[in-house]
Amino acid sequence: MGIYLNPTNQLFSEAVHKEIYVDKSLLIQKVEYLRNKENKYICVSRPRRFGKSTDANMLVAYYSYGCDSHDLFDSLKISKTDIYEEHLNRHHVIQLNMQDFLSKAHDVKKMIALLGKLVFREIKKSFPDIEYVNPDDLVQIMEDIYVEAGIRFVFVIDEWDCIFREYKQDKEAQKQYLDFFRNLLKDKPYVELVYMTGILPIKKYGTHSALNMFKEISMLNATPLESFMGFTEQEVHDLCLKYDMDYGEMRQWYDGYQMSEDISIYNHRSVVSALMDRKYENYWTSTETYEALQVYIDMNFDGLKDSVVQLVAGENVPVQTTSFQNDMTTFESKDDVLTLLIHLGYLGYKSDDHTCYIPNKEVVDSFVNSIRSSDWHETTKALLNSRNLLEATWRKDEASVARYVEEAHLDTSVLTYNNENALSYTLALAYIYARNHYTMIREMPTGEGFADIVLIPYRDKPAMIIELKWNKEVKTAIDQIQEKKYPKGLEKWKNHLLLVGISYDRKTKKHSCHIEEIIQSDQQT
């Protein structure tokens, strides 16, 4: 056993024995299928906090000759499969955490040399009878072992992209790094499997396709590992039952990353933190500050600010992802920035219509904090006024509601304000604070039509239906709600329901508001 060659199962054992552990061991079966049927080179990229290292440690614990992992896996799902005993602790494994090596060397060339020296130290102890042609050449060392002993290796490489995150501008260092991996791994007979993880997909480097042998699995295309990119909805639902937590609120805070038509995943670490602390809040900032997001949304690309406003308002925004160069510095358009934010977990992605969106309340908070810190004059005041707007609505203070919406309109003029849809953007942004108390649904089917905005409370606040009118009398909004029987879809709140009509007059450029409270007798008439 060693640190790099045939490690123990210690790290995975620590994960399994924590109070909250979700069994993702069937990932091993998927990896085995890929190794045998499709591609033995696998690169999985997903954001921080989504369990990448835990998965890597699990694969090491399963494959490594350096331990006996029956006690860990006998009770997990993988033990019920046909491949379980066939591969359990029967492979030579080399585990590399590239961030650790970079932290020790602070230079790519020195890092590569140090990696070779440390790995060879363990190889020499395990295979002392091999005649090593060049002890300073890791590739030659691996080939010597294969030629003389016929041994092949499973490589598990974590934080593979650390160079592109920490040496963002050093193109020569990046090229050296890619060349190292190409020379070590590509078309080598001693390679049995490579499972590599990081935040970024493999770097596109002009015509320099150093690692084109990898099957890439990312937040843009997670096939066939969709259910292993984070916690699934069923897994989180079961955890909420076990720990007596509200699943609906957990979903609003941490769900929303759509991996396929029927699989949506949660942020792994945030769910665990919420369960342990027994409260829902923004755990994102414990691992990454909102300033990191602020750098990207402040980039001066045409249309980027408009898109961010639409995203915060709850809209899906079209994005073209193919031009992104898979690094953190090469940006040619707003699409490149949005694509990076997808890989970083700040945005979700829908492959069926090629749009991005803010996935949940936790990430909305990060966007709001970033916008406030940037002092976007178009939106900051609306965000700061949002709490006052919500409280004025609860008080049925129509004049104040109209005034706050007026200010939100003036401060979000980056959007074309010429129809009810644009008005709904403004309202969704203006009521951003309401997401602390409500689930906001746009175009919700209720009664005999669709309500523009419906706010469904988590707990003891009144439900609200907001109907929008552009260049019409505000009373027509309330009339439409009543004529189409919208409240009938919200019987649960029939004694605690506000109808809010908001209209914009194109000539006067003024907003008006009318609020009515529904009580049970009104519903029965």
Side-chain angles (χ1 to χ4, degrees), residues 45-50 199-201 204 216-223 226 229-230 251-267 270 282 284 288 290 292-328 330-371 374 376 379 412 414-415 421-422 424-425 428-429 432 435 440-443:
S45 59
R46 59 188 193 260
R48 291 189 180 95
R49 304 162 296 270
F50 279 74
I199 295 172
L200 296 173
K204 297 177 183 177
E216 295 198 66
I217 295 167
S218 72
M219 300 302 280
L220 294 176
N221 182 5
T223 307
E226 300 95 331
M229 299 292 279
R251 182 174 56 198
Q252 293 298 319
W253 270 93
Y254 310 117
D255 190 13
Y257 296 92
Q258 201 71 33
M259 296 292 100
S260 68
E261 185 176 341
D262 56 353
I263 296 178
S264 180
I265 63 164
Y266 286 67
N267 179 329
S270 294
N282 186 352
W284 198 277
E288 188 166 310
Y290 60 80
L293 172 61
Q294 182 181 338
V295 169
Y296 297 111
I297 67 174
D298 279 348
M299 287 187 170
N300 189 27
F301 288 109
D302 287 345
L304 179 58
K305 188 170 288 189
D306 294 28
S307 292
V308 170
V309 171
Q310 288 178 276
L311 289 164
V312 173
E315 292 295 306
N316 285 27
V317 171
V319 57
Q320 192 274 104
T321 62
T322 56
S323 65
F324 180 57
Q325 295 299 300
N326 296 350
D327 63 27
M328 306 181 86
T330 310
F331 303 111
E332 301 294 337
S333 68
K334 74 168 185 176
D335 288 322
D336 292 339
V337 179
L338 295 175
T339 305
L340 174 62
L341 295 181
I342 293 169
H343 290 298
L344 296 179
Y346 288 111
L347 296 176
Y349 178 69
K350 288 186 64 180
S351 59
D352 57 345
D353 61 2
H354 306 289
T355 61
C356 60
Y357 57 92
I358 298 179
N360 53 50
K361 186 181 183 312
E362 182 178 43
V363 185
V364 168
D365 281 359
S366 294
F367 271 89
V368 169
N369 287 335
S370 298
I371 291 170
S374 296
W376 286 17
T379 56
T412 57
V414 291
L415 297 174
N421 194 44
S424 71
Y425 294 164
L429 187 67
I432 196 78
R435 299 188 192 198
M440 180 182 291
I441 302 175
R442 302 274 296 277
E443 293 295 321

Do Ser351 and Asn221 have side chains that get closer than 4.5 Å, going by heavy atoms? no

Would a 4.5 Å heavy-atom cut-off, applied to side chains only, mark Leu341 and Leu293 as touching? yes

Ile358 and side chain to side chain contact (heavy atoms under 4.5 Å, CB included): which single residue from Val308, Leu347, Asp365 fits? Leu347

Is the shortest side-chain heavy-atom distance between Leu340 and Phe331 below 4.5 Å? yes

Can you tell me how far CG of Asp327 sits from CG of Leu200, rounded to the nearest 0.5 angstrom? 7.5 Å

Are there more than 12 heavy atoms of other residues, nucleotides or ligands under 6.0 Å from atom CG of Asp352? yes

For Tyr254, is there any backbone N or O sitting under 3.5 Å from a side-chain donor or acceptor partner on Asn360? yes

For residues Ser323 and Glu332, is any side-chain donor paired with an opposing acceptor at under 3.5 Å? no

Residue pair Arg48 / Ile199, side-chain heavy-atom distance below 4.5 Å: yes

Minimum heavy-atom distance Leu344-Met328, with the two atoms named: CD2-CE, 4.2 Å

Looking at side-chain heavy atoms only, is the closest gap between Ile217 and Arg46 below 4.5 Å? no

Would you compute the distance between atom OG1 of Thr355 and atom CG of Leu338 and round it to the nearest 0.5 angstrom? 11.0 Å

Could you list the residues that satisfy side-chain hydrogen bond (donor to acceptor under 3.5 Å, both in side chains) with Glu226, not counting sequence neighbours? Thr223

Look up atom NE2 in His354 and atom CG in Leu220, then write down how far apart they are to the nearest 0.5 Å. 10.5 Å

Between Tyr257 and Gly345 (side chain of the first, backbone of the second, donor and acceptor by atom type, cut-off under 3.5 Å), is there such a pair? yes

Rounded at 0.5 Å granularity, tell me how far CG in Asn282 sits from CH2 in Trp253. 6.0 Å

Quick one: pull up CD in Glu261 and NZ in Lys350 and give me the separation to the nearest 0.5 Å. 9.5 Å

On a heavy-atom basis, the closest approach of Arg49 and Asn267 is O-OD1, 3.2 Å

Closest non-hydrogen contact found for Ser264 with Gln258 is CB-OE1, 3.7 Å

Test item: Tyr349 side-chain N/O and Val319 main-chain N/O as donor-acceptor pair under 3.5 Å: no

Expected output: side-chain Glu315 to main-chain Val317 donor-acceptor under 3.5 Å: no

What heavy-atom pair brings Ser374 and Gln294 nearest, and what distance separates the two atoms? OG-CG, 3.1 Å

Using the six-membered ring wherever Trp is involved, compare the ring planes of Phe367 and Tyr346 and label them parallel, tilted or perpendicular (cut-offs 30° and 60°). perpendicular

Over all heavy atoms of both residues, which pair between Met229 and Phe50 is shortest? Give the atoms and the distance, please. O-CD2, 3.4 Å

Might you point out which heavy atoms bring Ser370 and Ile297 nearest each other, and give the distance in Å? CB-CD1, 3.7 Å

Reported CD-to-CE distance for the pair Gln252 and Met440, which is rounded to 0.5 angstrom: 10.5 Å

